[in-house]
Amino acid sequence: MNLDRTIENLEFPSKTKLEEFWNKRYSANFHISVLGRLNKKEYEKIQKNVDNWYELQDEILHDLFNKKMSDWSIKTTFLRVKLLNEFYSTNIPDICIYNVAECISKANKYKKTNKDKEINLRQLILKPESNGDKKNAIDFITSILKDKVFGDYESSLSKDIYSFATKFCHFCNPKEYSIYDQYVEKLLKDYITEKKFSCECIQSSQNLKKTELSTLMKDYKNFIEFIDCFIAFCELPKTYKDKRAKVDNFLWLGGMMKYKKGSNYKEEREKRLKK
């Protein structure tokens, strides 16, 4: 297996490389042979299903979120939460899906306490004026779910729904919100700690340990600023369509290639490093 030079050298992906990884996203062979996410023997008899699986689920989510953004009814919101949880493994227990959807669908204005300023969730998601607004939208979702949903269940069901919040906002507004994922975090930390790029939001973070960077990235304002800096160093055309989603995809797949347990790429890489 050839190791990807861009990943190994921590180079910034070009438009061509982003498109290459976007195509890998929809390649059953890549998910089977490189990432080891799918069992080859199990899926070889239903190859057509696998070949269309990922692309179709993205189209479904795009239609459900982007084409019906005026519809925040409980029915539509439930379907969004349910399918997003199913397709993107956000770990929300099934018994909580309705409550999550209800909180989001009713969250036109929300105050955690009487002293807090009212927040309009839909406005923050669809028309954020700054990265601070984006952080507020993510914090809004995580706080109402922790306060109004997961607080009613045993602590074992109180999952970290930070990643879910970033994914929900991304599909509502993919041009403004990047997805946080453990593998995105891992590869992004490699770029930062290896000092591959530097800007105002990065300079104070480059001497931190990776565990400290992980804590920083759980604050969405830091995370989105790191991603924005990364995108700037990619030197992509301003008119390049869906560049945020494609950079997210590059970091996600690249992170899995290097760090996912069971990844054939990871195993091959470790063998070569030992030689």
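Sequential numbering from 1 along the given sequence is applied to the chain's residues.
Checked for salt-bridge contact, Arg5 and Glu8 miss the test: no charged N lies under 4.0 Å from a carboxylate O. For Lys221 and Glu225, the salt-bridge test passes: some basic side-chain N is under 4.0 Å from an acidic carboxylate O. Using a 4.0 Å cut-off between a side-chain N of Lys or Arg and a carboxylate O of Asp or Glu, Glu270 and Lys266 qualify as a salt bridge.
Here the side chains of Glu11 and Lys17 are not in contact, with every heavy-atom distance at 4.5 Å or above. By the 4.5 Å heavy-atom criterion applied to side chains, Phe30 and Leu253 are counted as neighbours. For the pair Asp58/Phe87, no side-chain contact is recorded, criterion being any heavy-atom separation below 4.5 Å from C-beta on. No side-chain heavy atom of Leu251 sits less than 4.5 Å from a side-chain heavy atom of Ser178. No side-chain heavy atom of Val100 sits less than 4.5 Å from a side-chain heavy atom of Ile161. For the pair Met256 and Leu187, the minimum side-chain heavy-atom distance is 4.5 Å or more. In this structure the side chain of Pro174 never reaches within 4.5 angstrom of the side chain of Asp242, judged on heavy atoms. Two residues are said to be in side-chain contact when any heavy atoms from C-beta on lie closer than 4.5 Å; Phe21 and Ile7 meet this criterion.
Residue Glu59 is tested with Glu55, His62, Gln57 for a side-chain contact (heavy atoms from CB on, under 4.5 Å); the sole match is Glu55.
Rounding to the nearest 0.5 Å places SG of Cys172 at 5.0 Å from CZ of Phe65. Once rounded to the nearest 0.5 Å, the distance linking CZ of Phe250 with NZ of Lys24 reads 10.5 Å. One finds the CD1 atom of Ile92 at 10.5 Å from the NZ atom of Lys82 (value rounded to the nearest 0.5 Å). Summarising the geometry, atom CD1 belonging to Ile125 is positioned 11.5 Å from atom CG belonging to Asn136; distances are rounded to the nearest 0.5 Å.
Side-chain contact of Glu19 with Tyr240: a donor-acceptor pair under 3.5 Å is present, judged by distance alone. A donor atom on one side chain and an acceptor atom on the other are not found under 3.5 Å apart for Ser143 and Asp139.
Remark: aromatic rings of Phe12 and Tyr191 are close, center separation under 6.0 Å. Between Phe168 and Tyr177, the distance from one ring center to the other does not fall under 6.0 angstrom. Aromatic ring centres of Phe223 and Tyr162 lie farther apart than the 6.0 Å criterion allows.
A distance-only check finds a donor-acceptor pair linking the side chain of Asp4 to the backbone of Thr6 [under 3.5 Å]. At least one donor-acceptor pair closer than 3.5 Å links the side chain of His31 to the backbone N or O of Arg25. The backbone N or O of Asn9 lies less than 3.5 Å from a partner atom in the side chain of Lys196, making a donor-acceptor pair. Under a 3.5 Å cut-off, the side chain of Asn264 and the backbone N or O of Ser33 do form a donor-acceptor pair.
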Decide yes or no on side chain to side chain donor-acceptor pair (under 3.5 Å) for Asp71 and Ser73, but give the supporting numbers first. CA-CA 6 Å; Asp71 184 356; Ser73 65; 2.8 Å; yes
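Shown here are the side-chain hydrogen bond (donor to acceptor under 3.5 Å, both in side chains) partners of Lys258, two or more places apart in sequence or in another chain: Asp190.
The list of salt bridge (charged side-chain N to carboxylate O under 4.0 Å, His left out) pairs with a residue in residues 164-181, not counting sequence neighbours, reads Lys134-Glu176.
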